[in-house]
Amino acid sequence: MADLVTYELDGPVAVIGLNRAAKRNAISDALIDALDAAVSRAHREARAAVLFGHGDHFSSGLDLAEHAGRTSEQGVQTSYRWHAAFGRISRGPIPFVGALHGAAVGGGLELAASLHIRVADADAYFALPEGRRGIFVGGGGSVRIARIIGVSRMTDMMLTGRAMTARQAESVALVHYLTPPGEALAKAREVAGQVAGNAGFSNFAVINALPRMQDLSSEDGLFFEAYVAAAASATAEAKAGLAAFLEKRAERVAPPRPDDGEAPG
Ligand code: 1HE
């Protein structure tokens, strides 16, 4: 049997592919384990990572055939397993960039929501068919997706199962970069390569401190921020980065590129 997940190291960027195209990259227990192993490897070897789906779709979500026989107790264990694996992506040491195409639905959308930057082909689509299937999100979506698009939109998506276009997804910050069909993976690689060039501590703080600050009161968030900022400024990479700017060796902030779209608010 082919590997359920492919792994390639492209310089400082790990490129991880869900590789179960015949089942539209449906997420089985074995696929979760293979993804988790690839993520751990990327943590050791890379400074940033890309996640994409082989075949015509990013992911059709939970493997419904495997799930059909589960008891409630087994369902809880499945959720815990997903939470642990997706948590190692979202709160790990390196940023993940998703390349989304075709369907990113149900648990596939929950997986996408655990990534830090999402690039999507213009014909990608997003849905939460859980309500239509008589089940519920179980891969962290009620926390992550609700925070990105808002509880109200997520409620509609779960109750109706209707699909959102990539452009709609971009307007609600679910997608950060829209590309012409077929170009999301190339763009995701480009974005990940750029992110890999940042100071490691800054990347770590953005993906680990920033989301935690949203769980704090404003006062506590500001206190936490001051400490993270001080720690970042004390790193050798920060000193080198500031010196490079002051000595006019560093790139200036460039105006937005038309093909980058607007960064959603
Ligand atoms: C699957 C799955 C799956 C496809 N589990 N086997 N997710 C869903 O409710 C989405 C279900 N899937 C679909 O709506 C469609 O498959 C797609 C829109 C994603 C793609 O359509 P299409 O026409 O390209 O493919 P297909 O013909 O529907 O499926 C091809 C095969 O993949 C077929 O198997 P085959 O043996 O008959 O060839 C399908 O049965 C199989 N397949 N999707 C198992 N999801 C932790 S909680 C998370 C909760 C959820 O994720 S709920 C949402 C589940």
Side-chain angles (χ1 to χ4, degrees), residues 1-6 17-36 39 51-91 98-115 118 120-149 151 153-166 168-169 174-175 181-182 184-185:
M1 194 174 74
D3 290 342
L4 287 170
V5 165
T6 59
L18 306 174
N19 192 27
R20 204 183 171 214
K23 297 291 182 185
R24 307 314 186 246
N25 295 323
I27 303 174
S28 59
D29 283 351
L31 189 136
I32 282 281
D33 288 348
L35 174 62
D36 206 17
V39 167
L51 182 68
F52 72 101
H54 289 278
D56 293 337
H57 301 279
F58 176 71
S59 171
S60 64
L62 177 68
D63 185 322
L64 296 171
E66 195 173 76
H67 195 66
R70 285 191 181 117
T71 61
S72 292
E73 197 178 347
Q74 289 166 334
V76 169
Q77 296 306 328
T78 301
S79 250
Y80 278 4
R81 198 166 179 170
W82 285 43
H83 291 167
F86 294 2
R88 277 188 278 277
I89 294 173
S90 68
R91 301 283 170 93
L100 310 177
H101 75 299
V105 301
L109 183 50
E110 295 185 273
L111 172 57
S114 74
L115 309 171
R118 287 168 292 278
D121 279 358
D123 56 5
Y125 56 98
F126 307 87
L128 292 170
E130 281 84 350
R132 311 296 292 176
R133 309 270 183 253
I135 55 178
F136 197 73
V137 285
S142 42
V143 173
R144 293 197 188 94
I145 298 173
R147 283 190 179 187
I148 296 168
I149 69 173
V151 174
R153 271 191 204 91
M154 184 171 175
T155 301
D156 170 49
M157 287 178 78
M158 286 193 70
L159 290 178
T160 65
R162 74 175 169 136
M164 188 186 269
T165 64
Q168 288 168 331
L174 194 53
V175 164
L185 179 55

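For this chain, numbers begin at 1 and follow the sequence in order. Remember, it's 1-based here, ligands and their atoms both numbered in the order they're listed. In what follows, every heavy atom counts, from backbone to side chain, and hydrogens, waters and symmetry copies are set aside.
- How far CD of Glu130 is from CG of Leu159: 11.5 Å, rounded to the nearest 0.5 Å.
- Considering both main-chain and side-chain atoms, Leu62 comes within under 3.5 Å of ligand 1 through a nitrogen or oxygen pair.
- Atom 40 (O) of ligand 1 is not flagged as protein-proximal [any protein heavy atom, distance under 4.0 Å].
- Put simply, the side chain of Leu62 reaches to within 4.5 Å of the side chain of Trp82, judged on heavy atoms.
- Ligand 1 lies out of reach of Asp56, whose nearest heavy atom is not under 4.0 Å from it.
- Considering backbone and side-chain atoms alike, Gly107 places an N or O below 3.5 Å from some N or O of ligand 1.
- Arg24 and Ser59 are not linked by any side-chain donor-acceptor pair at a separation below 3.5 angstrom, with hydrogens and angles left out of the test.
- Side-chain contact between Val39 and Leu51: absent, with no pair of heavy atoms (C-beta onward) separated by less than 4.5 Å.
- Looking at Arg162 and Asp156, their side chains come closer than 4.5 Å, going by heavy atoms from C-beta outward.
- Protein heavy atom closest to atom 48 (C) of ligand 1, with residue, atom name and distance, is Glu110 OE1, 3.4 Å.
- The side-chain heavy atoms of Ile149 and Met157, taken from C-beta on, include a pair separated by under 4.5 Å.
- Nearest non-hydrogen protein atom to atom 24 (O) of ligand 1 is Arg24 NE, 2.9 Å.
- Counting heavy atoms from C-beta on, the side chains of Phe52 and Leu18 never come closer than 4.5 Å.
- The pair Asp29-Arg81 counts as a salt bridge, with a side-chain nitrogen and a carboxylate oxygen less than 4.0 angstrom apart.
- Closest heavy-atom contact between Thr165 and Phe126: O-CD1, 4.1 Å.
- Per-residue contacts place Phe136 under 4.0 angstrom from the following atoms of ligand 1 (heavy atoms of the residue considered): 47 (S).
- Contact check for Leu115 versus Ile89: side-chain heavy atoms found under the 4.5 Å cut-off.
- The shortest N or O to N or O distance between His57 and ligand 1 is under 3.5 Å.
- Shortest contact from atom 36 (O) of ligand 1 to any protein heavy atom: Lys23 NZ, 2.6 Å.
- Of all atoms in ligand 1, listed by their number and element, those nearer than 4.0 Å to a heavy atom of Gly61 are 51 (O).
- Counting heavy atoms closer than 4.0 Å to ligand 1, residue Tyr125 contributes side-chain atoms (C-beta onward) but none from N, CA, C or O.
- Protein heavy atoms all stay at least 4.0 Å away from atom 17 (C) of ligand 1.
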### Task
Would you please test Met164 and Tyr125 for side-chain contact (heavy atoms from CB on, under 4.5 Å) and show each step?
CA-CA 6 Å; Met164 188 186 269; Tyr125 56 98; over 6 Å; no
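- Shown in contact with Gly138 at under 4.0 Å from a heavy atom are these atoms of ligand 1, numbered in order with element: 46 (C), 47 (S).
- The distance from the CZ atom of Arg20 to the CD1 atom of Ile27 is 10.0 Å, given to the nearest 0.5 Å.
- Glu66 does not count as a contact of ligand 1, since none of its heavy atoms falls under 4.0 Å from the ligand.
- Distance check on atom 9 (O) of ligand 1: some protein heavy atom falls below the 4.0 Å cut-off.
- Where the criterion is an N or O separation shorter than 3.5 Å, residue side chain and backbone included, Ile135 fails it with respect to ligand 1.
- Side-chain polar atoms of His67 and Thr78 form no donor-acceptor pair below 3.5 angstrom.
- Pairing each heavy atom of Gly182 with each of Asp121, the nearest pair is N-OD2, 2.8 Å.
- Protein heavy atom in closest approach to atom 50 (C) of ligand 1: Glu130 OE2, 3.3 Å.
- Residue contact annotation: Pro129 has a non-hydrogen atom under 4.0 Å from ligand 1.
- Residue Trp82 has no nitrogen or oxygen atom sitting less than 3.5 Å from a nitrogen or oxygen atom of ligand 1, judged on distance alone.
- In this structure, Ala22 counts as a contact residue of ligand 1, since one of its heavy atoms falls inside 4.0 Å of the ligand.
- With a 4.0 Å heavy-atom cut-off, ligand 1 is reached by the side chain of Arg133 but not by its N, CA, C or O.
- Remark: atom 46 (C) of ligand 1 lies closer than 4.0 Å to at least one protein heavy atom.
- Of the heavy atoms in Arg132, none comes closer than 4.0 Å to ligand 1.
- Protein heavy atoms come within 4.0 Å of atom 34 (O) of ligand 1.
- For atom 12 (N) of ligand 1, the closest non-hydrogen atom of the protein is Ser60 CB, 4.0 Å.
- Within 6.0 Å of CG in Asp123 there are more than 12 heavy atoms belonging to other residues, nucleotides or ligands.
- In this structure, atom 5 (N) of ligand 1 lies nearest to the protein heavy atom Leu64 N, 2.9 Å.
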